[in-house]
Every structure is written in C-alpha cells, then in structure tokens.
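Here is the structure we will look at.
Just so you know, these numbers use all the heavy atoms, side chains as well, and skip hydrogens, waters and symmetry mates.
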Amino acid sequence: MAVTTLSLILFSTVDSNTALSYIIAHLMFLGFGIALFSSPNTNAIMSSVERRFFGIASATVATMRLVGQTLSMALVMLVFSLMIGRVKITPEYYSNLSYVQESPSRSSLHSALLAFSHRWVEEK
C-alpha cells in the first residue's frame, strides 16, 4: 500500500505540461503497487475460507474488485462532467482538465493515506 500511496502522491504533481514518459513511468509504478497488494490480499482471503468455498470466495473477490473499479471510474467521470461540462477536450481546455484531474487524485490519495495509517496502527 505504501508504493500505491507514493504513486498517488506523485500523480498529484501532474499538470498540463507533464511529459508523457513521466505519466507512463508513474502508471507502471502504480501498477507495481497494486500488484504488491492484490496477490497477498487474495491469498489472505482464500486462506480464510474452507476448500469447498474456494469458488465462491474467488468469484466474490473478482466481483468486488470489478465493482470497485467500475464505481471509481463512474465517480471520476461524474467529477469530470460536473467540473468541465459538455465540451470537447481541446488544448484550450487542458488547464481545466488538469484542475479536474487533481480532485479525484487527491481524494484517492487521502483514502490511501487513511488506509495505510489505519493498517500501520493495527500492526503496532
């Protein structure tokens, strides 16, 4: 979770002048953080159920992951549509797009920091 949180912090610095290579590198870093979290998380879930319920547990994990991704994209698109409106994204609107991008990124960052700190306190 620390890697994912750090990548979200780095994404909060993205603006309209950010190089594409910077964004690609940070997307790779974010993917690495998610991979570090997903496998142990799935293992913990699968280890906590009886063998006969593996199918149900696996399906539930996959469904919850997809529902979370779908809802988060819907929320991001809602923020985009409310803040930008019904306009075609052209270079003249890049500054607005950059501003709108910061809102969900900061919200995700705050959620990640909260989860990370909660986990940190639990382990102590």
Q: Give the C-alpha distance, both sets of side-chain angles, the deciding distance and a yes or no for side chain to side chain donor-acceptor pair (under 3.5 Å) between R65 and T42.
A: CA-CA 11 Å; R65 187 171 291 133; T42 302; 3.2 Å; yes
Q.
Assigning hydrophobic clusters by single linkage (Ile, Leu, Val, Met, Phe, Trp, Tyr; side-chain heavy-atom cutoff under 4.5 Å), is M28 placed with L10?
A. no
Q) Which value, rounded to the nearest 0.5 Å, describes the distance between M77 atom CE and S72 atom OG? A) 12.0 Å
(Q) In the structure I gave you, are the side-chain heavy atoms of Q69 and L66 within less than 4.5 Å of one another anywhere? (A) yes
Q. Are any of the side-chain heavy atoms of F116 and T4 separated by less than 4.5 Å?
A. no
Q.
With rounding to the nearest 0.5 angstrom, report the CZ to CG distance, F29 to L8.
A. 10.0 Å
**Q.** Between CE on residue M73 and CG on residue L78, distance to nearest 0.5 Å
**A.** 12.0 Å
Q) Going from CG on L30 to CG on L6, what distance comes out if it is rounded to the nearest 0.5 angstrom? A) 10.5 Å
Q.
Between S117 (side chain only) and L114 (backbone N and O only), is there a donor and an acceptor less than 3.5 Å apart?
A. yes
Q | Connected via hydrophobic side-chain network under 4.5 Å: V61 and F53 | A | no
Q: For A35 and P40, work out which heavy atoms get closest and say how close.
A: O-CD, 4.4 Å
**Q.** N41 side, atom CG; M46 side, atom CE - distance, nearest 0.5 Å
**A.** 12.0 Å
(Q) A side-chain contact here means heavy atoms from C-beta on lying under 4.5 Å apart; do F37 and I34 qualify? (A) no
Q) So does Y22 have more than 12 non-hydrogen atoms from other groups sitting under 6.0 Å from OH? A) yes
Q | Minimum heavy-atom distance G33-V3, with the two atoms named | A | CA-CG1, 3.6 Å
Q: Could you tell me whether the side chain of S39 and the main chain of L36 form a donor-acceptor pair under 3.5 Å?
A: no
Q. Which distance, rounded to the nearest 0.5 Å, do you find between the CD1 of I45 and the OG1 of T60?
A. 9.0 Å
